[in-house]
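Just below is one structure, and these are the notes that go with it.
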Amino acid sequence: MPLDIDHVRSLFPAFSEPKLAERPFFDNAGGSYPCRFVTERLERFYRERKVQPYEAYEASRVAGEEMDEARLRLAAMLGVETEEVSFGPSTTQNTYVLAQAFRQWLSPGDAIVVTNQDHEANSGPWRRLADEGIEVREWRLDPETGHLDPGDLPPLLDGAKLLCFPHCSNVVAEINDVAAITAHAHEAGAVVCVDGVSYAPHGFPNVGALGADIYLFSAYKTYGPHQGIMVIRRALGEALPNQGHYFNGDTLYKRFTPAGPDHAQVAASAGMADYVDTLYAELGLPHADPAERCAAVHDAMRAREVDLLGPLLDFVGSRNSLRLLGPNDPSVRAPTVAVLTARPGGEIAAELATHDINAAGGDFYAVRPLEAMRIDPGHGILRMSFTHYTTEAEVDRLITALDHVL
Ligand SMILES: Cc1ncc(COP(=O)(O)O)c(C=O)c1O
């Protein structure tokens, strides 16, 4: 059964705000609207339990319980152990801390592989390991299509200890086959770190099934609060040196989060699990475990997005003046549609705003991918990104507005 879009939108306070609801939102890859389960939990936490958690008194006890609930329920959805999920201020901060752990763990002369398709968050911190004598190899995208070819990997992985790559890039949007690439890296003896930030908003993946050793995403793009969520599988998490306080080193989820947790936002993250469960209930499917429920919701979101993508990609394809980044087949990409326009991307986005369309232009911290595709980051691209909660009518309005401004 398809998602009931009116019900879906009723679960987002933003769609009841006239100033937002009247303007089709196409900057979701920058950050999604939060669902009401998250905003309600956040508000309740600040009102009723904004105290140091995990003490015996009532407010403190329920604060801690709600934080634990978030990790427990998200881990169950993602198909991993509860202790394997941790929260940091952002994905950029999380990769920075992880890179410090690898800095201590690797030895001079060891090799790692990074891509030039990644957002800088999953690129720069790893490349800086070269300062320590680590050999940094680059898995390069195709300059025309932006595609990352797994066929290029064997020589790059030879003797490598770590492979970092995106589940899907925030500008190319092609979905990389994480399970196959990870299996390949494991065979070659490397661990993998996957940036799932641009993928997870389109359906939380089963990280356990994908096999990645590290999987990162940002909750503020997955209908949640402003947190970076990091799955780090136990074997690797216990092998890497602890980056937290020394006396917390035995607790896996504290090992790579040196910043004190944002209690309220961690607690509010349970609202993302409420959201998935609410959508699952609507699908009319039989009782299932959290990972199965999550998979069904993932598929329903993707099906809707693939349908919505068709007309927008057709429009882009019909304009010779536009260069689409990534594939034009909706089934192999996320609904993050970046195009190179004759005028700077930011200029077109500003004109779209005068037509009541909220979209974005710039380099999106994808400076390396843009340069690799021979696009001047200063000129930038226009990015129109949506999710399952977008309507057909909004896509039509975007296309009409594009027709005016291009
Ligand atoms: C693909 C991708 N990775 C990483 C990041 C960085 O995430 P954060 O803002 O949580 O540091 C972003 C942010 O836009 C992104 O799009």
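Predicted model only: the values in this text are computed from it and were never measured. Note that ligands are numbered from 1 as they come in the structure, with each ligand's atoms numbered from 1 the same way.
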(message) Heavy-atom count check: over 12 atoms from other residues, nucleotides or ligands less than 6.0 Å from D376 CG?
(response) yes

(request) Tell me which part of Y220 gets within contact of ligand 1: side chain, backbone, both or neither, using heavy atoms under 4.0 Å. (result) side chain

(request) Would you mind telling me if ligand 1 is within reach of the side chain of T92, the backbone, both or neither, using heavy atoms under 4.0 Å? (result) both

(request) Kindly indicate whether the side chain of L325, heavy atoms from C-beta on, has any atom under 4.5 Å from the side chain of L370. (result) yes

(message) Please classify the A121 to ligand 1 contact at 4.0 Å (heavy-atom distances, strictly less than): side chain, backbone, both or neither.
(response) side chain

(request) Please write down residue, atom name and distance for the protein heavy atom closest to atom 15 (C) of ligand 1. (result) H119 CD2, 3.3 Å

(message) Please determine whether any non-hydrogen atom of G228 lies less than 4.0 Å from an atom of ligand 1.
(response) no

(request) Only one of F386, F12, Y223, F15 passes ring pair (Phe, Tyr, Trp, His ring centres under 6.0 Å) with Y33; say which it is. (result) F15

(message) I'd like to know if the side chain of E305 and the backbone of H388 have a donor-acceptor N/O pair within less than 3.5 Å.
(response) yes

(message) Within this structure, what is the CG-CG distance for the pair L398 and D356, rounded to the nearest 0.5 Å?
(response) 12.5 Å

(request) Check if K221 has a non-hydrogen atom at a distance under 4.0 Å from any atom of ligand 1. (result) yes

(request) Provide, to 0.1 Å, the distance between atom 7 (O) of ligand 1 and the closest protein heavy atom, together with that atom's residue and name. (result) S218 OG, 3.4 Å

(message) Let me confirm one number: the NE2-CZ distance from H245 to R255, rounded to the nearest 0.5 Å.
(response) 14.5 Å

(message) Contact between ligand 1 and N122 is defined here as a heavy atom of the residue under 4.0 Å from a ligand atom; is it met?
(response) no

(request) Give the numbers and elements of all ligand 1 atoms closer than 4.0 Å to a heavy atom of S198. (result) 1 (C), 16 (O)

(message) Aromatic contact between H404 and H355, with the criterion being ring centroids under 6.0 Å apart: yes or no?
(response) yes

(message) So is Y365 touching ligand 1 or not, going by heavy atoms under 4.0 Å?
(response) no

(message) Regarding atom 4 (C) of ligand 1: of the candidates N170, L216, D195, N94, which has the closest heavy atom?
(response) D195

(request) Indicate yes or no: at least one non-hydrogen side-chain atom of P150 is less than 4.5 angstrom from one of D177. (result) no

